[in-house]
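Notes for the one structure printed next.
Remember, it's a predicted structure, so these values are computed and weren't measured experimentally.
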Amino acid sequence: MSVLMGQDLPYERPDATGRAALFVPTPNIKPDVLETVRKGAAIVGFGNHDRTLTIYYESNRFNEAHLQKWEHKARKAFDRLVDNLPTVSKMTVKAENFEQVGYISHKGILIRRMEKLRNWLDQSDALDGAPEAETIAFAPPAAPKKINAE
């Protein structure tokens, strides 16, 4: 079985203005990898030159209220990836365990294969948190508060 990746699969860790790929597991995913990632997780990452993938994932293991939607999980995983933050929610895996469904950047999400994403979320009993559209724009960060020294 061949794994579908975008012709422009991002290679190497993106910086704050770069983009990463969005992935879902393939039907052939190794059970131990799926158990680690957890069902319903948002999975972001990039390709490595040895034909593996580096992925960061967020499954909302602790049931935080602000991570109920898939796109919020994807944003959290992307922020961790870009900032190279320490986390146990990352791994390097063989590419045949995952297939690319879109892209994420600091500006938002572009889903190219919504049916694959919806299928993954449906199998995970997480379809209620699925994105409503293929394009999701992120709000710009809030302006810093002014401090008045008196």
- Query: Given the rule in the side-chain contact (heavy atoms from CB on, under 4.5 Å) test, do Asn63 and Gln68 qualify, once you have shown the distances and angles that lead to the verdict?
  - Reply: CA-CA 8 Å; Asn63 204 23; Gln68 297 301 315; 3.2 Å; yes
- Item | Stepwise side-chain contact (heavy atoms from CB on, under 4.5 Å) test for Ile55 and Val44 | CA-CA 6 Å; Ile55 61 167; Val44 304; over 6 Å; no
- Are Arg112 and Glu134 close enough, and set up right, to give a salt bridge (Lys or Arg N to Asp or Glu O under 4.0 Å), and what steps lead you there? CA-CA 7 Å; Arg112 295 279 173 103; Glu134 294 176 343; over 6 Å; no
- Item | side-chain contact (heavy atoms from CB on, under 4.5 Å) assessment of Gln123 paired with Asn119 | CA-CA 6 Å; Gln123 290 173 3; Asn119 187 37; 3.3 Å; yes
- Task: Determine, stepwise, if the pair Glu12 / Asn48 fulfils side chain to side chain donor-acceptor pair (under 3.5 Å).
- Result: CA-CA 6 Å; Glu12 300 182 357; Asn48 301 306; over 6 Å; no
- Test side chain to side chain donor-acceptor pair (under 3.5 Å) applied to Thr26 and Asn28, step by step: CA-CA 5 Å; Thr26 63; Asn28 304 7; 5.1 Å; no
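Linking Ile, Leu, Val, Met, Phe, Trp and Tyr whenever their side-chain heavy atoms come within less than 4.5 Å puts Trp120 and Ile29 in one cluster. With hydrophobic clusters built from ILVMFWY side chains whose heavy atoms lie under 4.5 angstrom apart, Leu121 shares a cluster with Leu34. The same ILVMFWY cluster, assembled from side-chain heavy atoms under 4.5 Å apart, contains both Met91 and Ile104. In the hydrophobic clustering of this structure, Tyr11 groups with Ile43; members are Ile, Leu, Val, Met, Phe, Trp, Tyr whose side-chain heavy atoms approach within less than 4.5 Å, directly or through other members. Side-chain heavy atoms closer than 4.5 Å link hydrophobic residues (I, L, V, M, F, W, Y) into clusters, and following such links, possibly through other members, connects Leu9 to Tyr56.
Pro25 and Glu99 get closest at one heavy-atom pair: O-OE2, 4.2 Å. Between Val101 and Leu117 the shortest heavy-atom distance is CG1-N, 4.5 Å. When every heavy atom of Val37 is checked against every heavy atom of Ala41, the shortest pair comes out as O-CB, 3.5 Å. Here the shortest heavy-atom pairing between Ile136 and Pro131 reads CD1-CB, 3.5 Å. Across all their heavy atoms, Ala74 and Ile109 have their closest contact at CB-CD1, 4.1 Å. Across every non-hydrogen atom of Phe98 and Phe23, the tightest pair is CB-CB, 4.0 Å.
Taking OG1 of Thr36 as the reference point, atom NZ of Lys30 lies at 13.5 Å (rounded to 0.5 Å). The NZ atom of Lys116 sits 13.5 Å away from atom CD of Gln100, with the distance rounded to the nearest 0.5 Å. Distance CZ/Arg80 to NZ/Lys90: 10.5 Å, rounded to 0.5 Å. A distance of 7.0 Å separates OG in Ser89 from CZ in Arg61, rounded to the nearest 0.5 Å.
Checking side-chain atoms of Asp83 against main-chain N and O of Leu85 turns up no donor-acceptor pair under 3.5 Å. In this structure, the side chain of Asp122 does not engage the main chain of Leu127 through any donor-acceptor pair within 3.5 Å.
Qualifying side-chain hydrogen bond (donor to acceptor under 3.5 Å, both in side chains) partners for Asp32, counting only residues two or more places apart in sequence or in other chains: none. In this structure Arg19 satisfies the side-chain contact (heavy atoms from CB on, under 4.5 Å) test together with Asp8, Pro10, Tyr103, Ser105, sequence neighbours excluded.
Classification of Glu58 and Arg75 as a salt-bridged pair fails, no side-chain N sitting under 4.0 Å from a carboxylate O.
Within the 4.5 Å cutoff, side-chain heavy atoms of Leu67 are placed close to those of Lys76. Leu81 is not listed as a side-chain neighbour of Asn84, based on a closest heavy-atom distance of 4.5 Å or more.
Within the structure, ring-ring contact (aromatic ring centres under 6.0 Å, His included) pairs that include any residue of residues 61-93 do not occur (at least two apart or interchain).
Ring to ring, Phe138 and His106 are not that close: their centroids are 6.0 angstrom or more apart.
In this structure, Glu35 places its CD atom where only 12 or fewer heavy-atom neighbours from other residues, nucleotides or ligands lie under 6.0 Å away.
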